[in-house]
Amino acid sequence: MPSQKIETGHQDVIHDVAMDYYGKRLATASSDHSIKIVGVSNTTSQPLATLTGHQGPVWQVVWAHPKFGSFLASCSYDGHVIIWKEGNPNEWTQAHVFDDHKSSVNSIAWAPHELGLCLACGSSDGNISVFTARPDGGWDTSRIDQAHPVGVTSVSWAPSTAPGALVGSGLLDPVQKLCSGGCDNTVKVWKLYNGSWKMDCFPALQMHTDWVRDVAWAPNLGLPKSTIASASQDGKVIIWTVVKEGDQWEGKVLNDFKTPVWRVSWSLTGNILAVADGNNNVTLWKEAVDGEWQQVFPC
């Protein structure tokens, strides 16, 4: 489909864009303190709603899985995380505001839907919080205190099926794991044991020489290994893999982009990685049969 320019109506820098499950609506987050919802089709776009409530730049927006209804979460420099709920079409209200963090909340991610309506948040205060919706409408909170003491930049959930497991076999409890990146130049993996989060990689994953800007755990679709991509201020993207529980993670440099790398994002099948870098380039990468990573777009 041809590219099209979408006017959002924001008055300042846009930090994040998220497409809903059906690919019909975009949510955008901006330094103008607002979130915009835009309807998109193959040829046109139309503004649907403006959400205001944050008192600072909004860094990220994420759509929840539609099985829970129409929910959107946002995080901001103001330290707040807001859960937005759509009642009537394009009428959004603040369903919940979390103010647990003492400084900027930089990254949020909904868990795989098999784990319920569950949101992880990483903050400059060094902590990660996980909010889980209860049937009575309240929220339970668990925390990873001082996950990265100098600041958490990014969080990403592991797939809920263990590597190598048959998808939908129903025999295994869903996996509750996430990874995080921080201003300490490291990537860490966390697992929920008996209701509390513990680090699941020893030592922390250390190959970057500057802030980790983004982490993304790849969908595994029954593949025999777990894969995480990390992007850093140092210009490198590193692919981390582990074959089985308890083994050491292995890191491999995908590429040195010679400019800060801001975001990494996997395709739904987990075999193509999109990379956004500081030169305003987006490139797509794929692992070849020999295990080397090759750029597939632009060719």
Side-chain angles (χ1 to χ4, degrees), residues 18 20-22 60 62-73 81 83 95-96 98 107-122 127-145 147 152 154-181 187-202 205 214-230 240-249 264-271 273:
D20 76 355
Y21 183 84
Y22 300 107
Q60 257 190 327
V62 282
W63 297 89
H65 192 280
K67 84 178 215 183
F68 301 109
S70 194
F71 284 99
L72 192 67
V81 173
I83 309 284
H96 205 91
F98 297 107
S107 178
I108 48 176
W110 290 110
H113 64 85
E114 296 87 353
L115 304 180
L117 191 61
C118 181
L119 188 75
C121 315
N127 302 330
I128 294 170
S129 53
V130 180
F131 303 113
T132 305
R134 296 195 306 261
D136 67 4
W139 293 79
D140 290 324
T141 305
S142 58
R143 290 163 67 91
I144 306 171
D145 284 319
V152 183
S154 48
V155 288
S156 177
W157 288 86
S160 63
T161 47
L166 287 173
V167 177
S169 63
L171 300 174
L172 299 166
D173 286 333
V175 176
Q176 295 210 42
K177 277 190 189 184
L178 51 86
C179 63
S180 58
V187 174
K188 294 182 179 178
V189 179
W190 309 90
K191 186 175 183 181
L192 191 64
Y193 287 98
N194 299 325
S196 62
W197 291 92
K198 302 273 194 295
M199 202 160 124
D200 198 50
C201 61
F202 295 98
L205 310 186
D214 198 21
V215 288
W217 202 310
N220 64 32
L221 296 186
L223 293 174
K225 63 183 179 182
S226 294
T227 305
I228 294 169
S230 60
W240 306 91
T241 53
V242 68
V243 174
K244 69 175 191 289
E245 188 87 9
D247 282 2
Q248 294 283 346
W249 288 80
V264 279
S265 178
W266 292 98
S267 64
L268 286 175
T269 48
N271 64 337
L273 182 72

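Only heavy atoms go into these numbers, but all of them, side chains included; no hydrogens, no water, no symmetry mates. For clarity, every value in this text was computed on a predicted model and none was experimentally measured.
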Separation of [Y] [atom2] from [X] [atom1] (nearest 0.5 Å):
X      : Y      : atom1 : atom2 : result
Leu117 : Lys67  : CG    : NZ    : 10.0 Å
Leu72  : Ile108 : CG    : CD1   : 8.0 Å
Cys201 : Asp247 : SG    : CG    : 13.0 Å
Asn127 : Ser180 : CG    : OG    : 11.5 Å
Leu192 : Cys118 : CG    : SG    : 8.5 Å
Asn220 : Thr227 : CG    : OG1   : 8.5 Å

* Asked: What do the steps show when you test Val242 against Val189 for side-chain contact (heavy atoms from CB on, under 4.5 Å), and what is the final call?
  -> CA-CA 11 Å; Val242 68; Val189 179; over 6 Å; no
Taking the side chain as everything from C-beta on, heavy atoms only, tell me whether [X] gets closer than 4.5 Å to [Y].
X      : Y      : value
Ile144 : Leu178 : yes
Leu268 : Pro219 : no
Asp200 : Trp190 : no
Leu119 : Val62  : yes

* To do: Look at the rings of Phe98 and Phe131 and say which category their plane angle falls in: under 30° parallel, 30 to 60° tilted, over 60° perpendicular.
  =>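 Answer is parallel, since the angle falls under 30°.
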Please check this pair: side chain of [X] against backbone of [Y], looking for a donor-acceptor N/O pair closer than 3.5 Å.
X      : Y      : value
Asp214 : Val264 : yes
Ser154 : Ser107 : no
Gln176 : Ala158 : no

* Asked: With respect to Trp217, which candidate in Trp249, Trp266, Trp157 satisfies the ring-ring contact (aromatic ring centres under 6.0 Å, His included) definition?
  ->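 Only match with Trp217 under ring-ring contact (aromatic ring centres under 6.0 Å, His included): Trp249.
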* Counting only heavy atoms not in Asp136, do more than 12 fall under 6.0 Å of its CG? ->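 For Asp136, atom CG is crowded (more than 12 foreign heavy atoms under 6.0 Å).
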With sequence neighbours left out, write down each residue that passes ring-ring contact (aromatic ring centres under 6.0 Å, His included) with [X], or none if nothing qualifies.
X      : value
Phe71  : none
Trp240 : none
Tyr21  : His65

* Asked: Which residues satisfy the side chain to side chain contact (heavy atoms under 4.5 Å, CB included) test with Asn271, sequence neighbours excluded?
  ->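 If we apply the side chain to side chain contact (heavy atoms under 4.5 Å, CB included) test to Asn271, skipping adjacent residues, the hits are Ser267, Thr269, Lys286.
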Can you see which heavy atom on [X] is nearest to which on [Y], and at what distance?
X      : Y      : answer
Trp63  : Ala18  : NE1-O, 3.0 Å
Val155 : Ala109 : O-CB, 3.8 Å
Trp139 : His96  : CD1-ND1, 3.5 Å

* Looking at residues at least two apart in the chain, or sitting in another chain, which of them share a salt bridge (charged side-chain N to carboxylate O under 4.0 Å, His left out) with Glu245? ->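 If we apply the salt bridge (charged side-chain N to carboxylate O under 4.0 Å, His left out) test to Glu245, skipping adjacent residues, the hits are Lys177, Lys191.
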* Not counting sequence neighbours, which residues clear side chain to side chain donor-acceptor pair (under 3.5 Å) with Ser160? List them please. =>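 Glu114.
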